[in-house]
*Asks:* 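This is the structure I have questions about; it appears just below.
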Number of protein chains: 2
Amino acid sequence: MSTEKPRSSKRRAPPRAPGRPTLDSPDLRPHLIDAALACFVRDGIAGTSLRGIAADAGVTPALLNYYFGSKLALRDAVFEERLMPAVLTLRGHVASAGDDIQALVGSFVRGVLGLVASHPWFPALWVREVLCEGGALRELLLSRIGPELPQMLAARFAEAQRRGQLNANLDPRLMVVSLIGLTLFPAASAPIWRQLFQADLGVDAMANHALALLGHGLDTTHES
Amino acid sequence: MSTEKPRSSKRRAPPRAPGRPTLDSPDLRPHLIDAALACFVRDGIAGTSLRGIAADAGVTPALLNYYFGSKLALRDAVFEERLMPAVLTLRGHVASAGDDIQALVGSFVRGVLGLVASHPWFPALWVREVLCEGGALRELLLSRIGPELPQMLAARFAEAQRRGQLNANLDPRLMVVSLIGLTLFPAASAPIWRQLFQADLGVDAMANHALALLGHGLDTTHES
DNA sequence: CAAGTAATTATACACACGATTAATTTATCC
DNA sequence: GGATAAATTAATCGTGTGTATAATTACTTG
């Protein structure tokens, strides 16, 4: 849409002359990726222009094409070098949880909300580019950790149910959905509730609430 | 992004000559709004061009400006005449629920999933244009039903908690978030799980699962 | 039946976008 | 120290976008 403001947050730096920089200048690549990530999070990948990233990074758009070749390749670099490391630490955190179903759930809940605490940009990017249909990162993410982590969780829930350690009215696959719906979704929608309730429902409160709800539901008979 | 295909799903209709149509032709306005809604759902509001809507509707883009004046006004019309009626029926459904907290929760869960069943486009549009930061419908929706429905729910949960009818470890406001995270969110993410689990987790299964989880959590001691 | 209004297409404008190429400056190598 | 490669900006191209205006046809009213 032509009605979106290009909000240039950077102060007008004195425009640089062309030519290779001197040796003391640092490697621009991570700086460019960080600028791209910030823009992607703020405006979405489709809504971000190379000109906007370049302005935020203090370079010209042509430099982005010099480093990455195309906008698509820049997106891939951001995915590989920023998003994947974040989700891989979550996978490691969950994979090292014990056999007990309560431990597994607790590990997932705290793992997700720890990820959110250390990478505050994650929920918004995940919603826009993975959850949204046609999101620019859905296929990439699903093809990388998609088939692995969720099915491992669903399998563990199904096994616990077979052993009589899990409420038989639950669907093991929907348990995976519920875990995300009680952790990543609240984190992603936090701005809405902050505006609606005029209060900041923190990450720790989310974890406690989710664990209480997963523990015994609305029931009052098992309070700690 | 310029790499998106404009996927013209309509068959090439014989191009019409200019001029006012004859009397037997029906009112185009609802047809235009439906075409716009379909495009907004498929590609997002920012990602939809007036040319795309016009092509799907079998008219020229100038006609859209004749009927609505601008893309922004068209968005408002779609919101007012398609989205609002849907959420208003949900509000009515929930408002007529009894005092019992279980009845309230059941009414909300079935209300949301009934809304999803009758308006399958709702979850995707809600994610993209309300949940996403900068979404084109967030402010509109929050200013219309925002302050009313969620705070009424949170107040009812807080009151039930005061009467000892609700697990004291839960946060009444996060209960509202959890309800949406267990209903609208699973519906919105259904395409992901369909692809991941190679199975269609239907709306009824979602309702049963959510009610079971809300009832007693993972616990096995209270099975029906 | 003439004048005016309503509904539609055709054309065009100014702008933003992604990408390409040329120019320019610095570093590196023989 | 001259040639070549690397890293940067400047300028440009083709395309898609929202919107405005003009042209065209049909209905309505006197």
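Each chain gets a letter, A, B and so on, in the order the sequences are listed, and its residues count up from 1. Computed from a predicted model, the values in this text were never measured in an experiment.
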*Asks:* Rounded to the Å, how far apart are B:R16 CZ and C:dT8 C1'?
*Replies:*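 Rounded to the whole Å, the gap is 5 Å.
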*Asks:* Would you kindly give the NZ-to-P distance between A:K71 and C:dA16, to the nearest whole Å?
*Replies:*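 My rounded result for the distance is 16 Å.
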*Asks:* As a test of reading the structure: which of D:dT9, C:dT9, D:dT19 is closest to the side chain of B:A62, going by heavy atoms?
*Replies:* C:dT9
*Asks:* In whole angstrom, give the distance that lies between atom CZ of B:F68 and atom P of D:dT19.
*Replies:*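 That distance rounds to 13 Å.
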*Asks:* Would you kindly compare B:S70 and A:Y67 by the position of their nearest DNA chain D nucleotide and give the one closer to the 5′ end?
*Replies:*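 Taking each residue's closest nucleotide, the earlier one in sequence belongs to A:Y67.
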*Asks:* Between A:R173 and B:L201, does the side chain to side chain contact (heavy atoms under 4.5 Å, CB included) criterion hold? Intermediate values first, please.
*Replies:* CA-CA 8 Å; A:R173 293 163 303 181; B:L201 312 173; 3.5 Å; yes
*Asks:* Salt bridge check, B:R29 against B:D27: does any charged N sit closer than 4.0 Å to a carboxylate O?
*Replies:*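 Looking at B:D27 and B:R29, the cut-off is not met.
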*Asks:* Flag the pair B:R75 and B:E80 as a salt bridge only when some basic side-chain nitrogen lies within less than 4.0 angstrom of an acidic carboxylate oxygen.
*Replies:* no
*Asks:* What is the distance, to the nearest angstrom, from the CG atom on A:D27 to the C1' atom on D:dA6?
*Replies:* 13 Å
*Asks:* Please report the distance, rounded to the nearest Å, between CG in B:L64 and P in C:dT9.
*Replies:*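 My rounded result for the distance is 10 Å.
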*Asks:* Can you tell which of C:dA10, D:dA10, C:dA19 lies closest to the side chain of A:N65?
*Replies:* C:dA19
*Asks:* Ignoring hydrogens and angles, answer whether the base of D:dG16 and the side-chain atoms of B:R51 contain a donor-acceptor pair closer than 3.5 Å.
*Replies:* no
*Asks:* List in chain and number order the residues that pass side-chain contact (heavy atoms from CB on, under 4.5 Å) with B:E148, two or more places apart in sequence or in another chain; answer none if no residue qualifies.
*Replies:*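 Testing B:E148 for side-chain contact (heavy atoms from CB on, under 4.5 Å), a comparison that skips the adjacent residues, returns B:R91.
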*Asks:* May I ask you to verify if any side-chain N or O of A:Y66 is less than 4.0 angstrom from the OP1 or OP2 atom of D:dA7?
*Replies:*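 For D:dA7, OP1 or OP2 has a side-chain N or O of A:Y66 closer than 4.0 Å.
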*Asks:* Hey, are B:D56 and B:R42 close enough for a salt bridge, meaning a charged N less than 4.0 Å from a carboxylate O?
*Replies:*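 Looking at B:R42 together with B:D56, the answer is yes, because their closest N to O distance falls below 4.0 Å.
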*Asks:* When we call it a touch if two heavy atoms are under 4.0 Å apart, what does A:L63 touch: a base, just sugar-phosphate, or nothing?
*Replies:* base
*Asks:* Evaluate side chain to side chain contact (heavy atoms under 4.5 Å, CB included) for B:F122 paired with B:V87, printing each intermediate quantity in order.
*Replies:* CA-CA 9 Å; B:F122 187 86; B:V87 306; 3.7 Å; yes
*Asks:* Report the distance from atom CD1 of A:I53 to atom P of C:dC17, rounded to the nearest whole Å.
*Replies:* 11 Å
*Asks:* For nucleotides 27-29 of chain C, list the nitrogen or oxygen atoms of the protein found under 3.5 Å from its nitrogen or oxygen atoms, one pair per line.
*Replies:*
from, atom 1, to, atom 2, distance (Å)
C:dA27, OP1, A:L23, N, 2.9

*Asks:* Give me the atom names and distance for the closest heavy-atom approach of A:A154 to A:P172.
*Replies:*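 In this case the closest contact between A:A154 and A:P172 is O-CB, 3.7 Å.
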*Asks:* How long is the line joining CG of B:L74 and P of D:dT17, in whole Å?
*Replies:*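 Taking atom P of D:dT17 as the reference, CG of B:L74 is at 15 Å.
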*Asks:* Roughly, in whole Å, what's the span from CG in A:L28 to P in D:dA7?
*Replies:* 10 Å
*Asks:* Answer yes or no: does a side-chain N or O of A:S49 lie under 4.0 Å from OP1 or OP2 of C:dA16?
*Replies:*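 No, because none of the side-chain N or O atoms of A:S49 sits under 4.0 Å from OP1 or OP2 of C:dA16.
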